[in-house]
Chemist: 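Below is a structure I'd like to ask you about.
Chain identifiers are assigned alphabetically (A, B, ...) following the order of the sequence lines, protein sequences preceding nucleic acid strands; residue numbering begins at 1 within each chain.
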Protein chains: 4
Amino acid sequence: MEAAEELFAEKGFNGTSVRDIAEKAQVNLAMISYYFGSKDKLLETLFEYRGELSKSKLVSIIEKPNLTSLEKVNLLIDNYIDKVFNQQCFYKIFTREQVLTQTGHIAELILQMKKNNQENISRLIQEGQKKGEFKKNIDTALMMHTIVGTANHLITTKHHYRELNNLQSLSEEALLKLIRKKLATHLKFIIKAILTHEV
Amino acid sequence: MEAAEELFAEKGFNGTSVRDIAEKAQVNLAMISYYFGSKDKLLETLFEYRGELSKSKLVSIIEKPNLTSLEKVNLLIDNYIDKVFNQQCFYKIFTREQVLTQTGHIAELILQMKKNNQENISRLIQEGQKKGEFKKNIDTALMMHTIVGTANHLITTKHHYRELNNLQSLSEEALLKLIRKKLATHLKFIIKAILTHEV
Amino acid sequence: MEAAEELFAEKGFNGTSVRDIAEKAQVNLAMISYYFGSKDKLLETLFEYRGELSKSKLVSIIEKPNLTSLEKVNLLIDNYIDKVFNQQCFYKIFTREQVLTQTGHIAELILQMKKNNQENISRLIQEGQKKGEFKKNIDTALMMHTIVGTANHLITTKHHYRELNNLQSLSEEALLKLIRKKLATHLKFIIKAILTHEV
Amino acid sequence: MEAAEELFAEKGFNGTSVRDIAEKAQVNLAMISYYFGSKDKLLETLFEYRGELSKSKLVSIIEKPNLTSLEKVNLLIDNYIDKVFNQQCFYKIFTREQVLTQTGHIAELILQMKKNNQENISRLIQEGQKKGEFKKNIDTALMMHTIVGTANHLITTKHHYRELNNLQSLSEEALLKLIRKKLATHLKFIIKAILTHEV
DNA sequence: AATGAATGAGAATTCATTCAT
DNA sequence: TATGAATGAATTCTCATTCAT
């Protein structure tokens, strides 16, 4: 599944053959159908696995005591950035396949995950509004699109970022560290503006 | 090429067969190899064609007289949103394939286009900073990632947006109109914050 | 299709690979899917083709003027034996696959063909009964089962017939000629008994 | 082996996978190769088992005292119909595979069985001829082909019989009972004609 | 210029069988 | 004795491309 994840990220689901995966994973070709049932099912399993991992964290942050709502939002941003950077491969796949797969099990999985996230975050925003920390009339959906869109776009085109900003000398690791820090600051600034600045 | 664009957007480059394209375009199968050389070349041609269209507009906006820098930036945002919404298919392809195609002619094309855009916008930002309209220390690259990332993410997942915000009753057209307006306001707000708010 | 017919007869539908057919027919492997769509469709096409051929003959015999009903029945027997012996391959396939394929297009085709045949022959029997040539209470269906069953069984197990009756010295051709003649006499005798002998 | 028999009858030998059999028999997949050696050996074992069962009955009937030869023949017919109806699955397999398997152990088994049967029945016919019950010049082989061919054809296409004779309302059981009775009468009539009627 | 026919390469999957345990 | 896991071979089918016309 790891091999598949990397290859799907690199060459796309349709661009990756089961042969490639078998070779990369050093397993017999037939094993993949044997274990996962089919290539499609393999992708499903991957989505389920990664989806499972990311569920509970969100709630635990939102329910943390002794934090302002803004601090919680910032934690959420950090958490999302962590996930995206630690699971770059999956997020590349996710970003790409959510566009293609508009029906079927995976589509439902994605939608459910998103619905869940949006509800939780909406609650947090409302909490902040009640406490007077956040302004009225916040478009939560668009705000989330900005967080997710910016982070995904940055991570999926980090090779362009490197070129365009003359960072060819940096190691991959150093580059990631740099982007990560900048992105966190950037998103927190934006979200704070959205949540608190009156126009 | 139109047929190809729609299909690539819908099913991905690798998920679309030359047969599908020929059928959709009501054209002989062999014609596609005959005219474009190959399926890859067809994608290249598509990128060149769409890239061509979008070049000059940027400069013309930046060089418009009698506008504040912020007004220009807002025009740029409107312009980008227009492009994304009018060429949804292409932007879906673009978003997806820029991740896959990291070498080759298309990759160079994309990089050149981005380099060009970033330079022009950097100039605009500097102009605004000189005029005192914008604050110092603006991360142009990240700002652009937010514009592009948010817009692309929204347009490529508009079916999710519809579901999550209970807009199933809206026609496709009405939905697009709604998102478009919200997105413009949202991005302009964010960018203004980035460009002018001191922390 | 000829190659397929021979191989299906020899090794069964499931026992024959598309590869075998391609090799025997000296055509490219992909051609078979290209022309027929799939292996299943190939079988369908074969059934349609052979079915087409055998339709009209039946009616033309039944409607022949100046013949007694018994003479017509005898002609039908000769005609059926001709078909079975001239299209041994197809009849082997038919005999085998009609058991397996109980649903789908082919099943419908077969049923329709049989229905058609039984109706026509029933009419002929009734004609003979009206004319007083045939006795009452004839089980047309079973009679047909005897004709078809005996002929098919003989042709599909002719290699056993050869062994069991010590005809190893005969050429294939001579064997067929012999069986054919015996079978015709045999069936005509039986059918005459069924149609005319009172018990 | 029971599971295999049913599946072979339903889907053909080649159309049945060892997996199917294991599942139906609620047995571990590897067990089948383990016990029977291979799928082919399983079929062989099935043929041996069913062949074994049917040997002795024939002789015991033929050697029954105090019966006319015709009565013995009628008993044989009843006996064969019994076997076919009680072992429908096996006879479907038999009918199909005797065409395919023209060499190998099974082929020899079949041939031996048939040889044995034909010899015994020939003796019975000769006995009848000596006693003056039967006429001269009887083609025993063809007669047997009619018995076997008619019975097999009827049982393997009983679903067609049902449709063509508008017996859809009958239960499977009732249908079988009906066919069985008709078939017995039918065959006995035919065989009597063959054995006793001079032309 | 345009195309119907053809093809080699490669796709995913299923198969009967084996083997370590 | 029995079995879960594994595998090499073979399956059907689709693909992008070519080529004679």
Side-chain angles (χ1 to χ4, degrees), chain A residues 4 7-8 11-23 25-43, chain B residues 4 7-8 11-23 25-43, chain C residues 4 7-8 11-23 25-43, chain D residues 4 7-8 11-23 25-43:
Chain A
L7 285 167
F8 288 164
K11 320 206 286 182
F13 178 74
N14 280 310
T16 303
S17 77
V18 179
R19 243 184 193 76
D20 295 337
I21 301 169
E23 203 163 320
Q26 302 251 39
V27 295
N28 182 281
L29 174 61
M31 281 262 308
I32 284 152
S33 293
Y34 178 74
Y35 267 117
F36 295 100
S38 71
K39 196 183 163 191
D40 285 292
K41 282 274 175 62
L42 167 54
L43 185 63
Chain B
L7 286 167
F8 288 165
K11 320 206 286 181
F13 177 74
N14 279 311
T16 303
S17 79
V18 180
R19 260 193 167 69
D20 294 337
I21 301 170
E23 201 164 320
Q26 303 251 38
V27 170
N28 181 281
L29 172 63
M31 281 262 303
I32 286 155
S33 294
Y34 182 70
Y35 267 116
F36 294 101
S38 73
K39 195 184 166 192
D40 286 294
K41 282 275 173 63
L42 168 55
L43 185 63
Chain C
L7 286 167
F8 288 164
K11 320 206 284 182
F13 177 74
N14 279 311
T16 304
S17 78
V18 180
R19 241 184 195 77
D20 295 336
I21 302 169
E23 204 163 319
Q26 302 252 41
V27 295
N28 182 281
L29 173 63
M31 280 264 307
I32 284 151
S33 293
Y34 180 72
Y35 267 116
F36 295 99
S38 71
K39 197 184 163 192
D40 286 292
K41 282 273 173 64
L42 168 54
L43 185 64
Chain D
L7 286 168
F8 289 164
K11 320 205 286 182
F13 177 74
N14 280 309
T16 303
S17 77
V18 180
R19 262 195 164 68
D20 294 335
I21 301 170
E23 202 164 322
Q26 303 250 41
V27 170
N28 182 279
L29 171 62
M31 283 262 304
I32 286 155
S33 293
Y34 182 70
Y35 267 116
F36 295 99
S38 72
K39 195 184 164 191
D40 285 294
K41 282 273 172 64
L42 168 55
L43 185 63

Chemist: What are the two closest non-hydrogen atoms of B:Ala22 and B:Leu29, and how far apart are they?
Modeler: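 Minimum heavy-atom separation between B:Ala22 and B:Leu29: CB-CA, 3.7 Å.
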Chemist: Would you kindly give the CD-to-C1' distance between B:Gln26 and E:dA2, to the nearest whole Å?
Modeler: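 Roughly 16 Å, once rounded to whole Å.
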Chemist: Which base sits across from E:dA20 as a Watson-Crick or G-U pair, both distances under 3.5 Å?
Modeler: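 Matched E:dA20 with F:dT3 under the 3.5 Å cut-off.
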Chemist: Ignoring hydrogens, what is the shortest heavy-atom contact between B:Arg19 and C:Tyr34? Give both atom names and the distance.
Modeler: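 Minimum heavy-atom separation between B:Arg19 and C:Tyr34: NH2-CE1, 3.7 Å.
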Chemist: In whole Å, I'd like the distance from the CD1 atom of A:Ile21 to the P atom of E:dG10.
Modeler: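 Nearest whole value for this atom pair: 17 Å.
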Chemist: Select one nucleotide: of E:dA12, F:dT17, F:dG8, the one nearest the side-chain heavy atoms of A:Asn28.
Modeler: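 Given the options E:dA12, F:dT17, F:dG8, the side chain of A:Asn28 is closest to F:dG8.
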Chemist: Assuming nearest nucleotide by heavy-atom distance, tell me which of B:Gly15 and B:Ser33 is located more 5' along DNA chain F.
Modeler: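 Closest to the 5' end, via its nearest nucleotide, is B:Gly15.
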Chemist: Take C:Leu29 and D:Tyr34, find for each the nucleotide of DNA chain F with the closest heavy atom, and name the residue whose nucleotide sits nearer the 5' end.
Modeler: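 In this pair, the answer is D:Tyr34.
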Chemist: Locate the shortest heavy-atom distance separating C:Ile32 from C:Ile21; write the atom from each residue and the value.
Modeler: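 Minimum heavy-atom contact is CD1-CG2, 3.8 Å.
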Chemist: How long is the line joining CG of C:Asn14 and P of E:dT14, in whole Å?
Modeler: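 These atoms are roughly 15 Å apart.
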Chemist: What's the CZ-P distance between B:Arg19 and E:dG4, to the nearest Å?
Modeler: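 Rounded to whole Å, this separation is 12 Å.
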Chemist: Nearest whole angstrom, please: distance from the P of F:dA16 to the CD1 of B:Ile32.
Modeler: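 My rounded result for the distance is 9 Å.
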Chemist: For a quick test of reading the model, state the closest non-hydrogen atom pair linking D:Lys39 to D:Thr16 and the distance between them.
Modeler: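 Residues D:Lys39 and D:Thr16, closest heavy atoms: NZ-O, 2.7 Å.
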Chemist: Whole-Å distance between F:dA16 P and B:Leu43 CG?
Modeler: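 For the pair B:Leu43 CG and F:dA16 P, the rounded distance is 13 Å.
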Chemist: Which heavy atom of A:Asn14 sits nearest a heavy atom of B:Gly15, and at what distance?
Modeler: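 Nearest heavy atoms, A:Asn14 then B:Gly15: ND2-CA, 3.7 Å.
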Chemist: Expressed as a whole number of angstroms, how long is the span from C:Met31:CE to E:dG4:P?
Modeler: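 After rounding, the reported distance stands at 16 Å.
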Chemist: When you measure from the side chain of A:Val18, which nucleotide among F:dA16, E:dA12, E:dA16 comes out closest?
Modeler: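 Nearest nucleotide to the side chain: E:dA12.
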Chemist: Please tell me which of A:Asp20 and B:Val27 maps to the more 5' nucleotide of DNA chain E, matching each residue to the nucleotide holding its nearest heavy atom.
Modeler: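 The residue mapped nearer the 5' terminus is B:Val27.
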Chemist: To the nearest angstrom, how far is D:Leu42 atom CG from E:dT17 atom C1'?
Modeler: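 Atom CG in D:Leu42 sits about 14 Å away from atom C1' in E:dT17.
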Chemist: Can you identify which nucleotide, out of E:dC15, E:dA11, F:dA16, has its nearest atom closest to the D:Ser17 side chain?
Modeler: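 Of all the options, the side chain of D:Ser17 is nearest to E:dC15.
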Chemist: On a plain distance test, is the side chain of A:Tyr35 in donor-acceptor contact with the base of F:dA5 below 3.5 Å?
Modeler: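 Result: no qualifying N/O pair found.
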Chemist: Can you tell me the pairing partner of F:dG8 across any strand shown, Watson-Crick or G-U wobble, with both distances under 3.5 angstrom?
Modeler: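 The base-pairing partner of F:dG8, which may sit in any strand shown, is E:dC15.
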Chemist: What's the closest nucleotide to the B:Ala30 side chain, out of E:dC19, E:dT13, F:dT18?
Modeler: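 Of all the options, the side chain of B:Ala30 is nearest to F:dT18.
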